[in-house]
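Since the structure comes first, as structure tokens, the remarks are kept for the end.
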2 protein chains.
Amino acid sequence: MKRSLSRETRMALEPRKQPRQQRSSKVVDRILDAALTLTREQGTRTPTTLAIAQRAGLSVGSVYQYFPNKEAILLDLARRWLSSFPEVIEKRIKVPRPTNRDEFRQEVRKLFIDTSTIYLDNATLMPVIEAISGNADLRPIQDEYDEQIIALYAAWLRHVNPALEDKIAKRLGLVMMEVGHACRLVGLKRDRRTFDLIEDDVEAMWLALVNPYLNLD
Amino acid sequence: MKRSLSRETRMALEPRKQPRQQRSSKVVDRILDAALTLTREQGTRTPTTLAIAQRAGLSVGSVYQYFPNKEAILLDLARRWLSSFPEVIEKRIKVPRPTNRDEFRQEVRKLFIDTSTIYLDNATLMPVIEAISGNADLRPIQDEYDEQIIALYAAWLRHVNPALEDKIAKRLGLVMMEVGHACRLVGLKRDRRTFDLIEDDVEAMWLALVNPYLNLD
DNA sequence: GACAAACGCGAATAATTAGTCGCATTCTTT
DNA sequence: AAAGAATGCGACTAATTATTCGCGTTTGTC
């Protein structure tokens, strides 16, 4: 076991090699699928390498052909989700600044819906996200993404209201992210109807949160 | 290792024996202190039994005199915190029902402040709470407490407005808990000034959340 | 001060699991 | 079809760590 290495070298999480033959790219998919399924089955407990290999119909050795360590597998699953946040929020910044309260409300709503969609589209990934949060090795990477996302929320807030102090924008961004994330995670564990109701709650809370910091007339 | 046992028998988390001599009750305190300190030092990674014993100036064997397993130690730390929620919320229910919007606002504020105080008073415990959430064995126990707390928030809401549907009260209770917990956890990681500002945000969000469900005149 | 119970010890046990390595098989290319 | 590269294999290694158990020491009690 070289467990200590993986904690230190960040590069150690990059894919080990690119698949060169067709069969092997299927194998990578099978590994990722197996990891996802097992994580979902086991709640928050991260699956073992052996379990992943077996579920994928492979041996452990084959798994290590494409992933340098176990963490890299989970991270590969999560990265798609994590990276869609920046895309979506940036898109909401490249838009004309709202000029009155009503337009502003609309912008909040759009950001709210777009971020909501990320969760709905990736509902099956949520157990992986939770597993990562609970994993001491992967947590720091999550935190990096989180900081990035907070900064983007803050940038969005300052796009909507340029007079907003940077520090305040950062704090509001943090709260928006946390509230959105916490509520959507629990929402997705319930039925669709409840999820939608919780979404309404989140929108109301977001509006209440940012409203006092609007100097629009 | 009998790791599988602990997952099944819930009793296995109860303290193994009561200290009979003076020296040993000090020992229990030392163990708990060591576990707390180490958890704080290591972020979310739960300390090993050996580490706990050493930090407490003891041997592993002594630790197992008083705790049936490692989980029980962390749980012992967390239970004080977890159990203060019911106390505090129940206290807020045993109070005359508010009769107008302003009194209602006051009641929200009181519940808000009382729950906030739980977090502030137990700030040092937060890493343990996070470690428990990330631990596959302990998570179910957290979830039980959470359900209880949600039920109490719901009971409070129906105390304040008896006309409120039970299902709605449950959902709002869930959201109140999640929002409060998420924001306070991150708030406590920042400076006191920021914590206070985030608290104001939470109060505003709670009010926005429950306001639509008030039929008071 | 003697006896038993409580306490404390830590080497040993055992379970779990990440990651490796040399060999076997399959594919690609010429 | 033959060579060589890529892929696949899985027994094995090694690290980690929870928990036990028998023995020595301390404490409270009569």
Side-chain angles (χ1 to χ4, degrees), chain A residues 1-9 12-31 34-35 38-39 42 45-75 131 135-138, chain B residues 1-9 12-31 34-35 38-39 42 45-75 131 135-138:
Chain A
M1 277 223 265
K2 305 274 174 55
R3 303 239 68 216
S4 48
L5 279 187
S6 64
R7 274 175 214 140
E8 278 137 48
T9 66
L13 291 166
E14 293 307 315
R16 177 164 279 180
K17 71 157 82 162
Q18 296 301 322
R20 309 273 163 100
Q21 299 177 357
Q22 303 160 325
R23 59 173 172 168
S24 61
S25 58
K26 297 266 182 188
V27 163
V28 170
D29 287 345
R30 292 222 307 272
I31 295 169
L38 284 168
T39 306
Q42 303 177 357
R45 186 175 272 111
T46 55
T48 68
T49 51
L50 185 67
I52 293 172
Q54 281 180 342
R55 180 61 69 98
L58 294 167
S59 73
V60 253
S62 299
V63 171
Y64 281 91
Q65 290 273 337
Y66 303 101
F67 296 94
N69 52 52
K70 199 180 72 163
E71 281 71 33
I73 303 172
L74 293 182
L75 201 59
N135 178 307
D137 291 326
L138 292 170
Chain B
M1 274 223 263
K2 304 273 174 55
R3 305 237 70 219
S4 48
L5 279 186
S6 63
R7 273 175 216 139
E8 278 137 50
T9 65
L13 290 166
E14 293 308 313
R16 178 163 280 180
K17 70 157 82 163
Q18 296 301 320
R20 309 272 163 101
Q21 300 176 356
Q22 305 159 324
R23 59 172 171 171
S24 62
S25 58
K26 296 268 183 186
V27 163
V28 170
D29 287 344
R30 291 220 311 269
I31 294 169
L38 284 168
T39 306
Q42 303 176 359
R45 185 175 271 111
T46 54
T48 67
T49 50
L50 185 68
I52 294 171
Q54 282 181 342
R55 180 62 69 98
L58 294 166
S59 73
V60 254
S62 301
V63 171
Y64 281 89
Q65 290 274 335
Y66 304 100
F67 296 94
N69 52 50
K70 200 181 72 163
E71 281 71 34
I73 303 172
L74 293 183
L75 201 58
N135 178 306
D137 291 326
L138 260 21

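So that the names make sense, note that chain A is the first sequence line, chain B the second, and so on, each numbered from 1.
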Return the value, rounded to whole Å, for the distance between atom [atom1] of [X] and atom [atom2] of [N].
X: B/F67; N: D/dT20; atom1: CZ; atom2: C1'; answer: 18 Å
X: A/I31; N: D/dG8; atom1: CD1; atom2: C1'; answer: 11 Å
X: A/Y66; N: C/dG19; atom1: OH; atom2: P; answer: 18 Å
X: B/I73; N: D/dT17; atom1: CD1; atom2: P; answer: 15 Å
X: B/N69; N: C/dT16; atom1: CG; atom2: P; answer: 15 Å
X: B/K26; N: C/dC7; atom1: NZ; atom2: C1'; answer: 16 Å

Original post:
Using a heavy-atom distance cut-off of less than 4.0 Å, which residues of residues 48-60 of chain B contact DNA chain D?
Top reply: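 Per residue number, the list reads B/T48, B/T49, B/V60.
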Subject >> Shortest non-hydrogen contact between B/A56 and B/R30, atoms and distance >> reply: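 In this case the closest contact between B/A56 and B/R30 is O-NE, 2.8 Å.
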Original post:
Under 4.0 Å between a side-chain N/O of B/Y64 and OP1 or OP2 of D/dC21, yes or no?
Top reply: no
**OP:** Check whether any side-chain nitrogen or oxygen of A/S62 sits under 4.0 Å from OP1 or OP2 of D/dT7, and answer yes or no.
**Re:** no
Original post:
Who are the side-chain contact (heavy atoms from CB on, under 4.5 Å) partners of B/S59, not counting sequence neighbours?
Top reply: B/S62
Subject >> Partner set under side-chain contact (heavy atoms from CB on, under 4.5 Å) for B/Q54, not counting sequence neighbours >> reply: B/L50
Subject >> From D/dC9, D/dA18, C/dC9, nucleotide with atom closest to A/Q65 side chain >> reply: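 Closest nucleotide to the A/Q65 side chain: D/dC9.
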Original post:
What's the spacing between B/I52 CD1 and B/I73 CD1 if we round to 0.5 Å?
Top reply: 4.0 Å
**OP:** State the CD1-OH distance between B/I31 and B/Y64, to the nearest 0.5 angstrom.
**Re:**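 Nearest 0.5 Å value for the CD1-OH distance: 10.5 Å.
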Original post:
Who are the side-chain hydrogen bond (donor to acceptor under 3.5 Å, both in side chains) partners of B/T46, not counting sequence neighbours?
Top reply: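 Partners of B/T46 by the side-chain hydrogen bond (donor to acceptor under 3.5 Å, both in side chains) criterion, ordered by chain and then number, come out as B/K70.
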Does a side-chain heavy-atom distance below 4.5 Å link [X] with [Y]?
X: B/V28; Y: B/F67; result: yes
X: B/L38; Y: B/R45; result: no
X: A/D137; Y: A/N69; result: no

Subject >> Runs of at least three consecutive pairs that involve DNA chain C, where pairs are Watson-Crick or G-U with distances under 3.5 Å >> reply: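 Result, WC/G-U stems under 3.5 Å: C:1-30 with D:1-30.
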